[in-house]
Amino acid sequence: MRFNRKDILGIREMGSDEIELILDTARSLRDIITRTIKKVPTLRGRTVVTLFYEPSTRTRTSFELAAKYMSADTVNISTSTSSVRKGETLKDTARTLEAMGAEMVIIRHPVAGAPHFLARNLRASVVNAGDGMHEHPTQALLDLFTIREKKKRLKGLKIAIVGDILHSRVARSNIWGLRKMGAEVVVSGPSTLLPPESATLGVKATHRVEEALEGADVVMVLRLQLERQRKGLFPTVREYTRYWGINRERLRLARDDALLMHPGPFNRGVEVSSDLVDGNQSVINKQVTNGVAVRMALLFLLLGGKPDEISR
């Protein structure tokens, strides 16, 4: 199958066959990360720009390393020191970068739909690295990859997503991706942090975390996004931890071999206990490694690579 997309804007618009191709390509590329010399010439001479309007450590660094491992030229634009501070529009900033030779723009933006706007106005490929409370497609893809690698399948698994679902673009992308691949999804958190459209998303929603965890194959914990919340959605952080925090006792409600996941950054002792973060069920660090592989796959496919041309 050939990958025919110019852009990666969201999981919602992807088919299961496209997702499978990305995951299979990532599996072929992951070995590069473990080599002593982490470099292949696959994208030599191609130019990739990261344009982040919000703070990021994992996603931004992951994209930059993915591009460098494949020998692409990378440019990191910080909006705090760019012409954005002088009033330049998003469209003009991106077109300026394209005029300089950028073939791909990876953007994180606080406004939902910003990547879609750019994609309509640029010849260069656009990758959504998170837009507002809308989507975070590459995080969902690396989560799907991690689950499939550990569980050998996605279809038929029960996935419990616990935390601030309402404000989470990670939750939305994962819900769409997991359901496309045949998994059952249950979301849980305070009723004020559950989206009213849960039913239309095709997931079960419950404010009782124990119900969500019962028999789960995967427990995906989300950070409380206090920066996006208005006040009064729950009493205190301490109360949240007491009723919805994932600790060892609660995790025992899931299957014995359940995976513990978190997109990061995580708050130890708040949404998840510190011992579980470092425990043998945690695949949090594996998610980070797999994130580089998945982003390598996306760069490779978007810039015209074929799966049988992967350089080893």
Side-chain angles (χ1 to χ4, degrees), residues 1-30 42-43 46-54 56 58-67 69-70 72 74 77 90 94 97-98 102-109 111-146 148 169-181 263 287 290-307 310:
M1 175 186 174
R2 185 159 181 94
F3 198 72
N4 294 316
R5 288 188 178 275
K6 178 179 87 72
D7 313 295
I8 297 293
L9 303 176
I11 295 292
R12 189 176 191 178
E13 61 199 39
M14 282 187 183
S16 59
D17 54 343
E18 292 177 292
I19 293 173
E20 288 281 4
L21 176 59
I22 294 167
L23 301 187
D24 290 343
T25 305
R27 184 174 55 195
S28 300
L29 291 166
R30 186 178 54 184
T42 312
L43 298 181
R46 313 304 293 269
T47 305
V48 176
V49 174
T50 58
L51 179 62
F52 278 52
Y53 286 74
E54 289 183 321
S56 172
R58 290 163 181 78
T59 302
R60 185 175 200 154
T61 304
S62 181
F63 269 116
E64 290 174 5
L65 287 175
Y69 290 164
M70 302 187 80
T74 60
I77 304 297
L90 172 61
L97 297 172
E98 185 176 58
E103 297 170 87
M104 177 182 290
V105 177
I106 299 162
I107 180 170
R108 170 168 288 189
H109 201 281
V111 177
H116 301 71
F117 172 78
L118 276 195
R120 292 192 299 268
N121 287 279
L122 295 181
R123 294 185 303 276
S125 292
V126 175
V127 178
N128 180 1
D131 63 328
M133 296 188 297
H134 180 222
E135 277 222 53
H136 194 347
T138 63
Q139 178 67 48
L141 288 167
L142 75 88
D143 291 341
L144 294 176
F145 182 88
T146 303
R148 193 181 73 164
R169 53 196 174 204
V170 172
R172 284 176 176 79
S173 287
N174 264 298
I175 287 168
W176 282 317
L178 288 164
R179 291 196 63 246
K180 284 176 189 289
M181 304 309 289
Q287 287 174 266
N290 291 340
V292 179
V294 165
R295 286 157 183 145
M296 288 172 69
L298 290 174
L299 298 180
F300 177 77
L301 293 169
L302 286 172
L303 292 176
K306 299 177 182 178
I310 294 174

Donor-acceptor check, side chain of Lys6 to backbone of Ala124, threshold 3.5 angstrom: yes or no? yes
Please tell me if the side chains of Thr59 and Ile106 come closer than 4.5 Å, counting only heavy atoms from C-beta onward. no
Taken to the nearest 0.5 Å, the spacing of Leu142 CG from Ile22 CD1 works out to 12.0 Å
Gap between atom CG of Leu178 and atom OG of Ser173 - 0.5 Å precision: 10.5 Å
Hey, mind stepping through Met70 and Leu303 against side chain to side chain contact (heavy atoms under 4.5 Å, CB included) and telling me if it holds? CA-CA 11 Å; Met70 302 187 80; Leu303 292 176; over 6 Å; no
Check: Leu90 and Val111 side chains under 4.5 Å, non-hydrogen atoms: no
So which atom in Ala26 and which in Ala297 form the shortest heavy-atom distance, rounded to 0.1 Å? N-CB, 3.6 Å
Step-by-step side chain to side chain contact (heavy atoms under 4.5 Å, CB included) determination, Asp143 to Val170: CA-CA 10 Å; Asp143 291 341; Val170 172; 4.3 Å; yes
Keeping Arg108 on the side-chain end and Ser56 on the backbone end, is there a donor-acceptor pair under 3.5 Å? no
Please state whether the rings of His116 and His134 are parallel, tilted or perpendicular, taking 30° and 60° as the class boundaries. tilted
Does the side chain of Arg46 come within less than 4.5 Å of Leu299's, by heavy atoms? no
Which residues satisfy the side-chain contact (heavy atoms from CB on, under 4.5 Å) test with Ser62, sequence neighbours excluded? Val292, Arg295
Asn290 and Thr146: which non-hydrogen atoms are nearest, and at how many Å? ND2-OG1, 2.9 Å
Contact between Phe3 and Ile8 at the side-chain level, heavy atoms closer than 4.5 Å - yes or no? yes
Identify the two heavy atoms, one from Gly10 and one from Glu135, that lie closest to each other, and give their separation to 0.1 Å. CA-OE2, 3.4 Å
Counterpart residues, salt bridge (Lys or Arg N to Asp or Glu O under 4.0 Å), relative to Arg5 (two or more places apart): Glu13, Glu18
Tell me if a side-chain donor or acceptor on Lys180 pairs with a main-chain N or O of Arg12 at a distance below 3.5 Å. yes
Residues forming a side-chain hydrogen bond (donor to acceptor under 3.5 Å, both in side chains) with Arg148, sequence neighbours excluded: Glu20, Asp24
What distance separates Phe145 CZ from Thr138 OG1, expressed to the nearest 0.5 Å? 14.0 Å
I'd like to check the side-chain hydrogen bond (donor to acceptor under 3.5 Å, both in side chains) partners of Asn128; sequence neighbours left out, ordered by chain and number. Asp131
Which value, rounded to the nearest 0.5 Å, describes the distance between Ile19 atom CD1 and Trp176 atom CH2? 12.5 Å
Report yes if the side chains of Phe63 and Val127 come closer than 4.5 Å at any heavy-atom pair, otherwise no. yes
Side chains of Gln139 and Gln287, heavy atoms from C-beta outward: is any pair under 4.5 Å? yes
Rounded to the nearest 0.5 Å, what separates atom CD1 in Ile77 from atom CG in Leu51? 7.0 Å
Checking the side chain of Ser125 only, and the main-chain atoms of Asp7 only, is there a donor and an acceptor separated by less than 3.5 Å? no
Looking at Gly132, is its backbone amide N or carbonyl O close enough to the side chain of Arg169 to form a donor-acceptor pair, meaning the two atoms are under 3.5 Å apart? yes
Less than 4.5 Å apart, side chain to side chain, heavy atoms only: is that true for Val126 and Leu9? yes
Who pairs with Glu98 by salt bridge (Lys or Arg N to Asp or Glu O under 4.0 Å), at least two apart in sequence or on another chain? none
Applying salt bridge (Lys or Arg N to Asp or Glu O under 4.0 Å), can you list everything that pairs with Arg172, at least two apart in sequence or on another chain? Glu197
Just how far is it from atom CG of Leu302 to atom CG of Asn4, taken to the nearest 0.5 Å? 11.0 Å
Audit row: Met14, Ile11, side chain to side chain contact (heavy atoms under 4.5 Å, CB included) steps and yes/no: CA-CA 5 Å; Met14 282 187 183; Ile11 295 292; 4.1 Å; yes
